[in-house]
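Report on the following structure.
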Amino acid sequence: MELGQQFLSGEQIRARAKQLAGEIDEYYKDATQPLVCVCVLRGAAIFYCDVIKHIKRDIRLEFVSVRSYDGMKACEPVLIQDTAIKAGSDVLVIEDIVDTGATAALMKKRFLSQGANSMRMCSMVARKPGVADWIGFVIDTDKFFVGYGLDYDQQYRNIDGIYEIKP
């Protein structure tokens with residue numbers, strides 16, 4: 001595997017994360033309870049930090065781990081590490097990529113069954129529009145990307161930017 005063309009720079013992603021945080025603040029401006037921000041590990045960790053540091057309202061940090069890829073192929077998501085959500089909470093799931101929407105459906109079912117008041121999603125990138133409430137960037141290709149948390153078999157997550165990977 002080798003890196004191909006850059007799709008997004010780290011600067012572009014960080015700037016968009018700040019904008020999204022402002023939009024999220026505006027959406028929840030009348031909420032009275034802390035916003036529960038859930039990071040989908042491992043891929044979303046870098047983007048999660050970029051978003052939450054710009055949210056101005058009170059938040060609570062939570063983490064889940066979901067496996068949804070086998071190499072370069074999306075697979076049925078499996079919840080590896082769960083978190084308990086307090087009943088009545090507004091939950092914001094922060095994800096690295098929305099590909100099929102299956103992980104979003106799993107998270108929504110899980111948190112609403114625990115009594116969450118609502119569940120919204122913010123994704124750094126998305127192939128499938130309409131799943132996440134806030135999307136950093138739309139990927140309108142079936143190419144495989146790495147960097148900024150996105151990986152191929154746990155490699156390339158730490159690259160500052162998103163790049164196409166060539167098999």
Side-chain angles (χ1 to χ4, degrees), residues 6-66 68-69 77 79-140 145-151 157-163:
Q6 185 182 56
F7 179 68
L8 294 165
S9 70
E11 292 91 23
Q12 289 173 296
I13 298 167
R14 286 184 289 278
R16 183 68 177 125
K18 186 175 182 179
Q19 290 174 336
L20 291 169
E23 293 172 20
I24 291 164
D25 271 335
E26 178 63 24
Y27 182 83
Y28 288 104
K29 68 182 177 191
D30 296 327
T32 58
Q33 293 190 28
L35 179 62
V36 178
C37 297
V38 178
C39 177
V40 180
L41 296 172
R42 299 180 179 122
I46 298 168
F47 182 66
Y48 178 82
C49 291
D50 287 342
V51 172
I52 65 168
K53 69 184 174 186
H54 294 291
I55 294 176
K56 305 293 185 222
R57 58 175 286 97
D58 191 17
I59 63 173
R60 298 292 179 265
L61 307 183
E62 292 294 339
F63 301 86
V64 296
S65 182
V66 178
S68 59
Y69 275 87
L79 189 61
I80 297 168
Q81 176 188 330
D82 198 2
T83 188
I85 299 298
K86 182 179 163 188
S89 297
D90 288 315
V91 176
L92 174 67
V93 173
I94 299 178
E95 179 68 286
D96 57 350
I97 184 169
V98 172
D99 203 347
T100 65
T103 300
L106 174 69
M107 296 290 92
K108 188 168 195 165
K109 181 179 178 184
R110 180 76 185 127
F111 296 140
L112 293 179
S113 75
Q114 290 180 345
N117 182 49
S118 69
M119 192 215 87
R120 301 277 185 266
M121 179 173 273
C122 176
S123 184
M124 178 173 63
V125 293
R127 292 185 199 274
K128 186 172 184 172
V131 175
D133 301 278
W134 295 277
I135 297 172
F137 304 91
V138 174
I139 296 177
D140 59 358
F145 293 95
V146 295
Y148 223 88
L150 299 169
D151 74 299
R157 288 190 194 276
N158 62 320
I159 297 171
D160 189 32
I162 296 179
Y163 292 80

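Fair warning: this is a prediction, and the values are worked out from it, not measured in the lab.
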Quiz prompt | From CA spacing to verdict: side-chain contact (heavy atoms from CB on, under 4.5 Å), Met124, Leu150 | solution = CA-CA 10 Å; Met124 178 173 63; Leu150 299 169; 4.1 Å; yes

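- Interatomic distance, Glu62 CD to Thr83 OG1, rounded to the nearest 0.5 Å: 3.5 Å.
- Residues Ile139 and Phe145 meet the side-chain proximity criterion, which asks for heavy atoms closer than 4.5 Å.
- The side chain to side chain contact (heavy atoms under 4.5 Å, CB included) test with Asn117 singles out one residue from Asp90, Val91, Leu112, Ile85, and that residue is Asp90.
- Among residue pairs with one or both ends in residues 15-40, those qualifying as ring-ring contact (aromatic ring centres under 6.0 Å, His included) are Tyr27-Trp134; sequence neighbours excluded.
- Here Arg60 pairs with Asp58 under the side-chain hydrogen bond (donor to acceptor under 3.5 Å, both in side chains) rule; sequence neighbours left out.
- Residues meeting the side-chain hydrogen bond (donor to acceptor under 3.5 Å, both in side chains) test with Gln114, sequence neighbours left out: none.
- Residues Val66 and Glu95 form no side-chain contact, since every pair of their non-hydrogen atoms from C-beta on lies 4.5 Å or further apart.
- Ile135 CD1 to Ile97 CD1: the interatomic distance, rounded to the nearest 0.5 Å, is 11.0 Å.
- Here the straight-line distance linking atom CZ of Arg110 with atom OG1 of Thr103 works out to 15.0 Å at 0.5 Å rounding.
- Summarising the geometry of Asp133 relative to Arg120, their closest heavy-atom pair is OD2-CA, 3.2 Å, with the distance given to 0.1 Å.
- Atoms OG and NZ, on Ser118 and Lys108 in that order, are 9.0 Å from each other to the nearest 0.5 Å.
- Taking all atoms of both residues into account, the shortest heavy-atom contact from Asp151 to Val146 is C-CG1, 3.8 Å.
- The structure places CD1 of Ile52 at 11.0 Å from CD1 of Ile24, a figure rounded to the nearest 0.5 Å.
- Shown here are the side-chain hydrogen bond (donor to acceptor under 3.5 Å, both in side chains) partners of Asp96, two or more places apart in sequence or in another chain: there are none.
- A search for salt bridge (charged side-chain N to carboxylate O under 4.0 Å, His left out) contacts involving Lys53 returns Asp50, not counting sequence neighbours.
- Contact detail for Val51 and Ala17: the closest heavy-atom pair is CG2-CB, 3.9 Å.
- Here the shortest heavy-atom pairing between Gly147 and Ile162 reads O-CG1, 3.9 Å.
- Partners of Arg16 by salt bridge (charged side-chain N to carboxylate O under 4.0 Å, His left out), not counting sequence neighbours, listed by chain and number: Glu23.
- Considering only residues two or more places apart in sequence or on other chains, Asp25 meets the side-chain hydrogen bond (donor to acceptor under 3.5 Å, both in side chains) condition with none of them.
- Minimum heavy-atom separation, Arg157 to Gly149: NH1-O, 2.6 Å.
- Phe111 pairs by the ring-ring contact (aromatic ring centres under 6.0 Å, His included) definition with nothing, not counting sequence neighbours.
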Exercise. Apply side-chain contact (heavy atoms from CB on, under 4.5 Å) to Tyr148 and Arg14, showing your working.
Key: CA-CA 10 Å; Tyr148 223 88; Arg14 286 184 289 278; 3.0 Å; yes

Donor-acceptor pairs under 3.5 Å, side chain of residues 33-49 to any protein atom, not counting sequence neighbours: which ones?
from  : atom 1 : to     : atom 2 : distance (Å)
Arg42 : NH1    : Gln154 : OE1    : 3.2
Tyr48 : OH     : Cys37  : O      : 2.7

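- Residues His54 and Ala21 approach most closely at CB-CB, 3.5 Å, considering heavy atoms.
- In terms of the ring-ring contact (aromatic ring centres under 6.0 Å, His included) criterion, Phe137 has no residue partners (sequence neighbours excluded).
- Proximity of Leu92 to Cys122: side-chain heavy atoms (C-beta onward) are separated by under 4.5 Å at one or more points.
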